[in-house]
Amino acid sequence: MAATRTLSHTVAVIKINNPPVNALSTPVCQALIKELAEVKKDPSVEAIVLCGANGKFSAGADIREFSSAARRTVSLEDINAEIESTTKPVVAAIEGVALGGGLELALSCHYRVAHIKTVMGLPEVLIGILPAAGGTQRLPRLIGIPAALDIIVRGRHVPATEAFQLGIVDEVVPSSAIAAAVQMARKVIGKPMDSRRLSTNAVQYNINVDAFLDTALEKAKRQFRGAQAPLACIEAVRASAQLPYQRGIEKERQLFASLWATGQPQAQQYAFFSERNVGKWTLPSGERWDNVRPCQIRTAAVIGLGTMGRGIVTSLSKSNIPVIALEQDTKQLDSGKKAVNSLLEREAEKLKKQGNSFAEGNGLGSVHFTLNFEDLKNVDLVIEAVYENMNLKKDIFRKLSSIMKPDAFLCTNTSGLNIDEIASVTNRPQLVIGTHFFSPANIMRLLEVVRGRHTSPTTIATAMSLGKMLGKVAVLVGNCPLFVGNRMLGPYLEQANYLLEEGYYPEEVDQALEEFGFAMGPFRMMDLAGLDVGWRSRMEKGLAGSGVPPGTPARQREGNRYCPLADMLCELGRFGQKSGKGWYQYEKPGGRHAHPDPWVRDFLAKYRKTYNIKQQAVHPEQILQRCLYALINEGFRVLEDGIASGPEDIDVIYNNGYGWPKHRGGPMYYASAVGLHEVLMVLEGYHKANPDVPSMKPSFLLKKLAAVGGPPIKEWRTQLGKLPNKL
Ligand code: 3H9
């Protein structure tokens, strides 16, 4: 039954029942129409309460139906109009979540009561659409333009207490919202209802709406870089102020249709479901997310309080896991402690603003700082987060191996070192796993969980479950140099560097990729991360510095093309933001505002002259093709090697850890949208002209998929099934 009905005295309680989130699918909508029609004509019913089963009101329209062949036969806004016009008062009893169409449904009710732990909002923008069941017209009528715009354009979840302050709900209760709603329904029987029908009210404002929305539009264009949904949301809100309700609804529908035609909703909805699917890991041996039980993590420890360690401690503490934080000397411990405390204070402040406190207990109290390894011996899981040095990591794991209780999990936060080598020095390689956090670790959502050769399924289940507890998107990947995300970044950055040799400037390359939608172009990103990191690693590999064999041409390594520009900057002490100079110049060391540097232009001109490099006419479109297709090609190689279980995993990694524009779905989705044949042609053309750039040699899998007509991304798995799986 998609909706059920009971009677409490003269109040009919209609309950939406569509697990797990009571999505408003077509059968639910049909059931709602039927129940409404019956209660309307039932003389024993004087008021109606609308609620959801299993402590959830509704997570909105069924997103799967948007792209399914079955067309919706019932419009959600028609149901909302039906509810609003009812002469018997309708009270929404909101529990758990009221999101998207769920909140729109509640807004059509005459009163709203929410449980204190409910979150509500209109997050449609995050899946590439806009609220299209009257949300853009009713919410501004209820809470005014600025507050409604903030909720609709950001798609943020509003806690019940804030919703009450804003006037979205009439009452917040700490116990059953259904019981409270029934009570309220009884009280309002017979009261005038006109002012409670939001569609009949005018939007109240004392601002210059056009100027306000124009400013918002300009800001959204800059902030969302090519994503169309936020802009459509703003236009729909404008309509709420300028047009009568019904015409506003027409505008909402029209904007919805034009958004759909851009292809962005399809990409973002693919990203939405991919994020959920990556949690459902499967090993070639048959163990899966649903048949392996994770161990409970009651206590954890973090080793190293540098940038990564601080973020990880904060993240654990925020999730109410008591943490022991270890450093090697008092000075580093003190500075780490100060940093963690300030991060936690900020988190507490944020929660306070939202009308919340830490869920249970106080995160600030749960961090114990120490210099003593012995203090770690009883924790359930330790995350080592010292800097990237294999010998140092091995020393620590040797020590942990002898100190920690035998069933403690040992995690390493490395961005690319060999997990098996680290595990080899321990007495429990089956409990060793890579947990690659992204900086800042208390904010970034991605967690690459790296399986070593001996890592047990229970260890995987535990690390994946820890990721979920920390509010992260955890993606299981195999062990290879640099894992998935950073491995794909290599060829991308290589092309960006070659473009500089060939005549471009850092700001031009960055601009092209930022206009594509990246949060940051490659050069700004390298400056932020620190150019010295890559330089050290290249020196260790003998690609830069004194390890380069004498007589090696400057622009060649092992017979292949090599760009030494980044090494040259480092030799001059230009490490990026931290030194105030890198590919850009900054206002001071540690400054954040990148300014194009005339010195760099001059330096590049001299470099090109020295090596007699002819400036080539590279079309801006080629910047995108070369950088992106290099990245995508490596993505295919990752799949070919069995390091990620599917293209969705790669896309989730890029969407959540590398600033890939979500409205483009992820690099592998983008490749399928552009057309695999097109990607292959460009790579083939480039590789033919540049055989000394092996990363651009089209991958076997790309060729194979292109040869069978470039099937849609969901069909790639059939081909992947025939390849090795290293998970
Ligand atoms: C909309 O309402 C449009 C309207 O304006 C007008 C239209 C004309 N539909 O995230 P979880 C599934 S658009 C279908 O793991 P959590 C999800 O895929 C909608 N399925 O749980 C997963 O399935 P599976 C606007 C949905 O507790 C399962 O439910 N609403 C939907 O971490 C559990 O999900 C939104 O954008 C849906 N609407 O988080 C809200 N929602 O088990 C989207 C979830 O097979 N949803 N599923 O993997 C969310 O933000 C989170 O799912 C929620 C629960 C916070 C509700």
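Heads up: numbering here begins at 1 and tracks the sequence. In listed order, ligands and their atoms are each counted from 1.
Atoms of ligand 1 found under 4.0 Å from any heavy atom of F273, numbered from 1 in the order shown, are 18 (O). Interface of E124 with ligand 1, defined as ligand atoms under 4.0 Å from a residue heavy atom, comprises 1 (C), 2 (O), 3 (C), 4 (C), 5 (O), 13 (S). Near G100, the atoms of ligand 1 lying under 4.0 angstrom from a non-hydrogen atom of the residue are 2 (O), 25 (C). For ligand 1 and P20, the ligand atoms under 4.0 Å from any heavy atom of the residue are 28 (C), 29 (O). Each of the atoms 26 (C), 29 (O), 31 (C), 41 (N), 44 (C), 47 (N) of ligand 1 lies under 4.0 Å from some heavy atom of V21. Using a 4.0 Å cut-off to heavy atoms of I127, the atoms of ligand 1 that qualify are 13 (S). Using a 4.0 Å cut-off to heavy atoms of P131, the atoms of ligand 1 that qualify are 5 (O).
Among P265, G60, A23, A59, the residue whose heavy atom lies closest to atom 30 (N) of ligand 1 is A59. Nearest-residue assignment for atom 24 (P) of ligand 1 (options K280, E252, K468, R276; heavy-atom criterion): K280. If you check each of A98, A61, G101 against atom 7 (C) of ligand 1, the one with the closest non-hydrogen atom is A61.
Among the atoms of I63, some N or O lies under 3.5 angstrom from an N or O of ligand 1. Between E104 and ligand 1, an N or O atom pair is found at a separation short of 3.5 Å. Not a single N or O atom of G102, backbone or side chain, sits closer than 3.5 Å to an N or O atom of ligand 1.
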- From CA spacing to verdict: side-chain hydrogen bond (donor to acceptor under 3.5 Å, both in side chains), S285, E287: CA-CA 6 Å; S285 49; E287 283 98 345; 2.4 Å; yes
- L243 and E250: CA distance, side-chain angles, deciding distance, side chain to side chain contact (heavy atoms under 4.5 Å, CB included) verdict: CA-CA 10 Å; L243 301 175; E250 280 159 28; over 6 Å; no
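In summary, E648 and K280 do not engage in a salt bridge, as defined by a charged side-chain N under 4.0 Å from a carboxylate O. A salt bridge does not link E77 to R253: none of the charged nitrogens lies less than 4.0 Å from a carboxylate oxygen. Taking 4.0 Å as the cut-off between side-chain N and carboxylate O, E235 and R238 count as a salt-bridged pair.
Not a single heavy atom of G135 sits closer than 4.0 Å to an atom of ligand 1. The shortest separation from a heavy atom of F256 to ligand 1 is not under 4.0 Å, leaving the residue out of contact.
Considering only heavy atoms from C-beta on, V113 stays 4.5 Å or farther from D170 through its side chain.
Judged as a ring-ring contact (aromatic ring centres under 6.0 Å, His included), and not counting sequence neighbours, the contacts of Y658 are F438, Y654. The ring-ring contact (aromatic ring centres under 6.0 Å, His included) test applied to F437 returns no partner, not counting sequence neighbours.
A cation-pi arrangement, defined by a distance under 6.0 Å to the six-membered ring centre and an angle within 45 degrees of its axis, is present between R196 and Y111.
Side chains of E347 and T314: no donor on one and acceptor on the other come within 3.5 Å.
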